[in-house]
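What follows is a short report on a single structure.
All values derive from a computational prediction rather than experimental measurement.
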Amino acid sequence: SFLASVRAAMPSVRKPGPHDVVYKDECVFSFDTPFSRGGLYVNLSTLRGVGADHLRIDRARTGNALYLHLKFVKRKKATSDESTETTTKEQTPTRLAIGVDGGFDVDDNNKYDTEETYALVVCESSDDASSEEVALKSTPYPNPDLPILVCDVCDSVIKHCGFHETTETAAWREELRESKYARDLKQEPATESTKISPDPRDWRCLESGESTNLWLNLGTGHIGSGRQHWDGSGGNGAALRHYEEMKNVHGKEFPLVVKLGTISPSGADVYSYAPDEDDMVTDPLLAEHLAHWGINVMAMQKTEKSMAELQIDLNKGFEFDKITEAGAELEPVSGAKRVGLKNMGNTCYVNSVLQVLKEVPFLDETYRGNSEQIFNTAPADPTGDFPTQFAKTLAALNTDRYARDGREDFETPTVAPRMFKQLVGKNHAEFSTGRQQDAVEYFQHLLEVMSRAERKDAERLGTKDDGKRSARRFEFDVEEKTTCAVSGSVRYVRRRENVLPLEVSVSSATNLREIEAERDLKRQKTKGDGDDKDDKDAIRPVVPFDACLATFAADETVTDWFSTATGAKGNATRRSRFATFPEVLPVQVRRYYVASDWTPKKLNVLVPMPEKIDLEHLRGAGIQPGETPLPEADDGAAAAFVESGGQTVSAAPPPAAAPLEPDPAIVTQLVSMGFSENGSRRAAGATRNAGAEPAMEWVFAHMEDPDFNDPYVPAGGEAAQSPVPGSDPAASAEAVAMLGAMGFSDAHAAVALRRSDGDVE
C-alpha cells in the first residue's frame, strides 16, 4: 500500500533544475533544520522544506503528499593529541573571510562529524488546514523498490545546493579592486641613490628612522612609516605625509604605496592614498613597478604580517567585554525574548533592529499573534511574503522554542534570519549586499517594506484602518520654531519623523574628574617607563540620557539666514519640540561622528537608559500670544528660504504657475533602489515631493508606462499642477473618498486619480 500511495502522488513531484532554489536547510515557516528534533520535510513538488510542526499546513496548502525527510545528527570527532594539533593548525584563519576555506569557521564544523539519514514520506491527511491529524508513512531512502522518477527527484534534492548556499553568500571577505592609477602609474627616474636595498635590515623610514610598518611609494621611491593602528601601535604617518606633500606642494600625484615587509612572489599589500580610493587595492603591474626601484619580487620573502592578517589577529583576540560589561561576571539567560540571533556575516545591524522590534507589543500582536492565519493564507511562495517571514522571526524570538541554556544542543538550531534579510533587502542597493550597514537606515527601510505589505494585505493582517498600520504608530511630528534675531518675529514649521536622534555631548559626562585623573596617571606612566599599553579597564565617560535630551531641546543659532521681516540676511535661533507623540518612540543615540579628517569615528561612551522618560516639558504649543509671525515672502523674495531639518523649504508657497522641481533627496533615494533618474524625478514631481513612500508607490504603479523614463518637464506639465481634491474633474470628491476608505491620504488619492483619468479601479 505504501508503493501505491507513492505512485498516486508521483505526478506532482518536480526535479530541481540548475536555477531552482531548494529550501532543504531551513523551514519556510520556522527555523527548524535537518538537525532539529523532528528533522525537516522537503516538499517534492514545491522544493520547500517545513518542520514537523508545519507539515500539516504545508500539506493542506500545496496538496502534495510526497516529502523527503532529512534528519542530521552532529557527533564530536574522536581525536588524539597529535591529530588535535594538526586540526588546530588547519583551523587557524589565513583569510579575512567567514565560512570559506582559510576563513573563520564560526560553526566549529571541523570538530564534528555529521550523520545524515533520509526517508521518503507519504503524508496522508485531509486537505482541510483546520484538521489536526497527519498520517505519515515512510521508508528509508535510498530504496531500490521506489519508482525511478521518485528516486531521481530525491537524489537531485540531496545533491542540490541548499538555500543557504544558493541564495546567500556564505562568506564575507575583503574584496580588493584594482587601482585605476596602477596601469598608468608614473614613476620618477631611479638612480643608484634611490634604488631600494633587497635586504630588509637596510629599510628605514626616511623621516623617523623606524624599521617596521614601512611603505614604499611606487611613484617616488620614498620609504615612510605607515599610519597608526587601531590600538596605538604602528607608525607615525610619514608615508601619507609624503604623498600629501608631493600632491599639494609639487603638484604630482603618486598615490600607490606598497608595504615592504609583505612583498613575496605571490604579491604584497598595496594601498591607494588617492581620495577617490583611499583603500587597499591591487596593482596588476606590481612586479614591474617594484623592479623599477631594484626589487625583484621573486627573490623576496615575507617578513611582516599583511593588513588582512592583522585584522584576523584582531578578530581572533577580540574581547567583547571591552564594549560591554568589562570585568563583570555575567550569567547566561535563556527563555522567551532571550533568544540570540546568529550573525551571518556583517548582519549585526539586522539583528539589532529585530531584537528591538520584538519588544513592540503591537508588532507581536499583529504578526506572531496571527501567525497561524498568516501561514495558512500565505501565497504560493512564502519565502517572498513579508508577513510570513516577520511572523516566523517574531515567533522565534518571543517564545522559548529556540532558547538555549548554554549547553551544547544541536537539536535546537540557532536563529539566523536569512530569508527575512533577503526579502527585506531585495532590490536595495545596500541592504541586498553583504556589507555592514547603518541600523537606523535599515529600521526606516524596514518600515517602508512593512507599510507596503500591510497596505497590500490589509484584510489579512487587520490593518485596513490607516491608524493601525505599524509604521504610522512610530511616527511623530516635530515642531520647529525659528525666531528672527533682529525683528523677533517667528515661524513655526512641522516635519514628520519616525526616529528621535540624540547627540552625545562628552562634556556632559558625570565622571569627568575620574577620566582626567586617569589620563594624568597614564601620561606619568608613559614618561616614566614608556608603557603605553591599552588598559581594558579604562574609564569611559558616562553621559546621562537627560543630557542628550537637553541637547535636542537646546536653542540652535542659525547664521546667514534670510529674514522676510527685515528683507536681509542675519542670525536666527531655532528650537525643536514635539508637536505630537507616537505610540512607540524610537530613539537613536548618535555615538558616531565625523572627525576633523572626515573619517567616521565612534564615541566610546556609556549612556545609561532610564526606565521611564517624561517628555511633557518638550511638548510644542504652536504660536503663542504676543508672538508675531514672520511675513510670507512676496513674489520678489523667491530666493528666501528657511532651512528645516537639513532640508531647504520654501518660506512661502510657490505661485500656482511656478514649476515644481523634484526633491533631490527623494530622487536620490529612489535612484539608490535601482530606478532611473528620469523615472525617479517624475515620481517625486507627480507626488509633489510628498515623500519617498508615496513616490515609490507611484513608481510601482507607473514603471511600465512607456513614458516612465522620459525627462521630467515641470513647467506647465502635469507634475507642476496641484493635485488638490476637488480642483480637477478627474479627482472628484467621491473618488477621493473611496480611495481614502482604502487607507490612502487625500493628496495621494488625488494624484492617482489624475494619472488614471479618474478611474478608481
Side-chain angles (χ1 to χ4, degrees), residues 174-198 200 202-264 267-297 300 304-308 310-311 435 592-602:
E174 189 179 41
E175 297 289 352
L176 301 182
R177 57 181 177 177
E178 179 182 319
S179 172
K180 66 180 183 180
Y181 299 95
R183 295 186 184 273
D184 299 318
L185 182 69
K186 294 180 180 179
Q187 293 183 286
E188 296 282 353
T191 64
E192 287 302 320
S193 61
T194 58
K195 290 275 187 178
I196 307 300
S197 168
D202 296 333
W203 297 339
R204 291 287 186 275
C205 171
L206 297 178
E207 182 179 308
S208 65
E210 292 285 338
S211 59
T212 58
N213 191 25
L214 300 176
W215 294 76
L216 168 69
N217 190 297
L218 291 174
T220 65
H222 178 275
I223 297 178
S225 182
R227 286 181 281 195
Q228 195 175 63
H229 293 158
W230 63 274
D231 60 352
S233 64
N236 54 41
L240 175 59
R241 286 194 292 274
H242 172 72
Y243 161 73
E244 293 172 341
E245 178 185 351
M246 294 301 295
K247 180 178 181 178
N248 300 329
V249 178
H250 303 287
K252 296 182 178 181
E253 181 74 22
F254 297 115
L256 298 187
V257 292
V258 59
K259 188 174 183 181
L260 285 175
T262 64
I263 301 173
S264 71
D269 275 0
V270 180
Y271 196 94
S272 173
Y273 286 138
D276 56 347
E277 290 182 335
D278 196 20
D279 203 352
M280 299 294 296
V281 295
T282 61
D283 178 3
L285 305 178
L286 179 60
E288 179 183 325
H289 293 153
L290 288 172
H292 178 81
W293 301 110
I295 297 178
N296 178 7
V297 296
M300 299 300 295
E304 288 191 29
K305 289 185 177 181
S306 66
M307 299 305 292
L310 289 172
Q311 287 287 342
R435 296 189 291 268
Y592 284 93
Y593 67 99
V594 178
S596 57
D597 59 355
W598 296 99
T599 58
K601 303 223 171 155
K602 186 176 182 180

> Judged by atom type as modelled, is there a donor-acceptor pair below 3.5 Å linking the side chain of Arg227 to the main-chain atoms of Ala239?
Replying inline: no
>> Would Lys259 and Leu214 count as a side-chain contact (heavy atoms from CB on, under 4.5 Å) here? Give the steps.
In response: CA-CA 6 Å; Lys259 188 174 183 181; Leu214 300 176; over 6 Å; no
> Does Arg177 come within less than 4.0 Å of Glu277, counting only side-chain N to carboxylate O?
Replying inline: no
>> Rounded at 0.5 Å granularity, tell me how far CG in Asp279 sits from OG in Ser272.
In response: 8.5 Å
> Any idea which heavy atoms bring Tyr181 and Pro255 closest together, and the distance?
Replying inline: CG-CG, 3.8 Å
>> Can a donor-acceptor pair be found, under 3.5 Å and without considering hydrogens, that links the side chain of Trp203 to the backbone of Ser197?
In response: yes
>> To check you understand the geometry: which heavy-atom pair defines the closest contact between Glu304 and Thr262, and what is its length?
In response: O-CG2, 4.0 Å
> Between Thr194 and Pro189, what is the shortest heavy-atom contact and its length?
Replying inline: OG1-O, 4.3 Å
>> Can you confirm whether Trp293 sits close enough to Asn217 that some side-chain heavy atom of one is under 4.5 Å from a side-chain heavy atom of the other?
In response: no
>> Can you tell me how far apart NE2 (His292) and NZ (Lys195) are? Round to the nearest 0.5 Å.
In response: 7.0 Å
>> What verdict does the side-chain contact (heavy atoms from CB on, under 4.5 Å) test give for Leu240 and Val257, after you've listed the backbone C-alpha separation in whole Å, the side-chain angles of each residue and the deciding distance to 0.1 Å?
In response: CA-CA 9 Å; Leu240 175 59; Val257 292; over 6 Å; no
> Do Val270 and Leu286 touch side chain to side chain, with heavy atoms closer than 4.5 Å?
Replying inline: yes
>> For Trp215 and Tyr271, take the angle between the two ring planes, folded into 0 to 90°, and tell me which bin it lands in: parallel under 30, tilted 30 to 60, perpendicular over 60.
In response: perpendicular
> Would one find more than 12 heavy atoms of other residues, nucleotides or ligands at under 6.0 Å from atom CG of Asp184?
Replying inline: no
> What's the shortest heavy-atom distance between Ala287 and Val297, and which atoms?
Replying inline: CB-CG2, 3.9 Å
>> Would you compute the distance between atom OG1 of Thr220 and atom NE2 of His242 and round it to the nearest 0.5 angstrom?
In response: 3.0 Å
>> For His289 versus Asp283, what's the shortest heavy-atom pair and its separation?
In response: ND1-OD2, 2.7 Å
> If you round to the nearest 0.5 Å, how far is CG of Asp269 from CG of Leu260?
Replying inline: 11.0 Å
>> Are the side chains of Lys252 and Glu188 in contact, using a 4.5 Å heavy-atom criterion?
In response: yes
>> Within the structure provided, determine whether Phe254 and Gln187 are in side-chain contact (heavy-atom separation under 4.5 Å).
In response: no
>> Measuring from atom OG of Ser179 to atom CG of Leu218, what distance do you get when rounded to the nearest 0.5 angstrom?
In response: 10.0 Å
> NZ of Lys247 to CD of Glu253: how many Å apart, nearest 0.5 Å?
Replying inline: 4.5 Å
> Is the count of non-hydrogen atoms from other residues, nucleotides or ligands lying under 6.0 Å from Lys186 atom NZ greater than 12?
Replying inline: no
> Looking only at heavy atoms, what is the nearest atom pair of Ala238 and Glu207, with distance?
Replying inline: CB-OE1, 3.6 Å
> Under 4.5 Å between any side-chain heavy atoms of Met300 and Ser264, yes or no?
Replying inline: no
>> Between Leu216 and Ile263, does the side-chain contact (heavy atoms from CB on, under 4.5 Å) criterion hold? Intermediate values first, please.
In response: CA-CA 11 Å; Leu216 168 69; Ile263 301 173; 5.7 Å; no
>> We want to know whether Glu244 and Tyr273 form a side-chain donor-acceptor pair, criterion being a heavy-atom distance below 3.5 angstrom.
In response: no
> Is any side-chain heavy atom of Ile196 less than 4.5 Å from a side-chain heavy atom of Leu290?
Replying inline: no
